[in-house]
Amino acid sequence: PELRQSETPLARELELVAAFLALHQRRIGPERLALRYEIAPNLAEVIVPSTCLLTLAENAIKHGIGPQVQGGEICVRALPDPDDAGLLRLEVADTGAGMGNGSGSGTGLATLRARLASAYGSAARLSLHLNQPRGLVARVQLPWR
């Protein structure tokens, strides 16, 4: 039932993402999937779109880590946006396959973009960036709630 809510506290969203990623780590092996979390303090009660980070984590597994024989790392971040103090920045970065043709045009990201536009208008955005030395960073920037 919680997954049907439009918003949730960040702490709950992080619990969901951590459980999802831990399950995949067990499935594909800890030697193929390293997990890291960089969460700024005092963000537990900040309201975020429900399943926002989960969608980004699913994409990181499916398109980033899954295709790589050697696997990689996924890092989940939540922090005040360093470029705009009025925004919260949520990121899922992977060291997987990176951007290919069609990156960012899948159903999950399209649905997330539509949800962000509906809830926040032009004040929120979803963007994809190359990760260094390889992989992808999926970034959501949205106003504080």
Contact between [X] and [Y] at the side-chain level, heavy atoms closer than 4.5 Å - yes or no?
X    : Y    : answer
L142 : L116 : yes
L56  : L112 : yes
L10  : L53  : yes
I47  : T8   : no
V76  : L35  : no
V92  : C75  : no

For [X] and [Y], indicate whether the former's side chain and the latter's backbone hold a donor-acceptor pair under 3.5 Å.
X    : Y    : value
R125 : A117 : no
R134 : T95  : yes
Q25  : L33  : yes
W144 : P80  : no
E13  : C52  : yes
E91  : V137 : no
D94  : G135 : no

**Asked** Are R145 and Y120 in a cation-pi contact, defined as NZ or CZ under 6.0 Å from the six-membered ring centre and within 45° of the axis?
**Response**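 Yes, a cation-pi geometry holds between R145 and Y120.
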Quick one: pull up [atom1] in [X] and [atom2] in [Y] and give me the separation to the nearest 0.5 Å.
X    : Y   : atom1 : atom2 : result
Q141 : D81 : CD    : CG    : 4.5 Å
R77  : L90 : CZ    : CG    : 12.0 Å
N59  : I65 : CG    : CD1   : 12.0 Å
R12  : E7  : CZ    : CD    : 15.5 Å

**Prompt:** Does the distance from a Lys or Arg side-chain N to an Asp or Glu carboxylate O, for R89 and D83, drop under 4.0 Å?
**Reply:**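 Result for this pair is yes, salt bridge flagged.
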**Asked** So if you build clusters from Ile, Leu, Val, Met, Phe, Trp, Tyr with side-chain heavy-atom gaps below 4.5 Å, do L14 and L79 land together?
**Response**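 Per the 4.5 Å side-chain linkage, L14 and L79 are not co-clustered.
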**Message:** Minimum heavy-atom separation for A57 and V17, please, with both atom names.
**Reply:**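 So the two residues come closest at CB-CG1, 4.2 Å.
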**Asked** Shortest non-hydrogen contact from H129 to S127?
**Response**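 For H129 versus S127, the nearest heavy atoms are NE2-OG, 2.8 Å.
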**Request:** Output all residues satisfying side chain to side chain donor-acceptor pair (under 3.5 Å) with H24, sequence neighbours left out; order by chain, then residue number.
**Result:**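 Expected list: R27.
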**Request:** Would you please say whether a donor-acceptor pair under 3.5 Å links the side chains of R115 and T51?
**Result:**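 Indeed, the side chains of R115 and T51 share at least one donor-acceptor pair under 3.5 Å.
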**Message:** side-chain contact (heavy atoms from CB on, under 4.5 Å), that's the test. Do L21 and I74 meet it? Break it down for me.
**Reply:** CA-CA 9 Å; L21 290 173; I74 292 178; 4.0 Å; yes
**Request:** Answer yes or no: are there more than 12 heavy-atom neighbours, outside E45 itself, under 6.0 Å from its atom CD?
**Result:**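 Atom CD in E45 is not packed in, count stays at 12 or less.
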**Request:** Apply the test side-chain contact (heavy atoms from CB on, under 4.5 Å) to residues R32 and Q70: give CA-CA distance (whole Å), side-chain angles for both, the deciding distance (0.1 Å), then the verdict.
**Result:** CA-CA 6 Å; R32 283 197 61 228; Q70 73 275 20; over 6 Å; no
**Request:** Go through the steps for L109 and L128 under the test side-chain contact (heavy atoms from CB on, under 4.5 Å), then give the verdict.
**Result:** CA-CA 10 Å; L109 293 183; L128 303 176; 4.1 Å; yes
**Message:** Go through it in stages, so that I can follow the logic: the residues are L88 and V140, the test is side-chain contact (heavy atoms from CB on, under 4.5 Å), and I'd like the CA-CA distance, side-chain angles, deciding distance and then a yes or no.
**Reply:** CA-CA 8 Å; L88 173 66; V140 172; over 6 Å; no
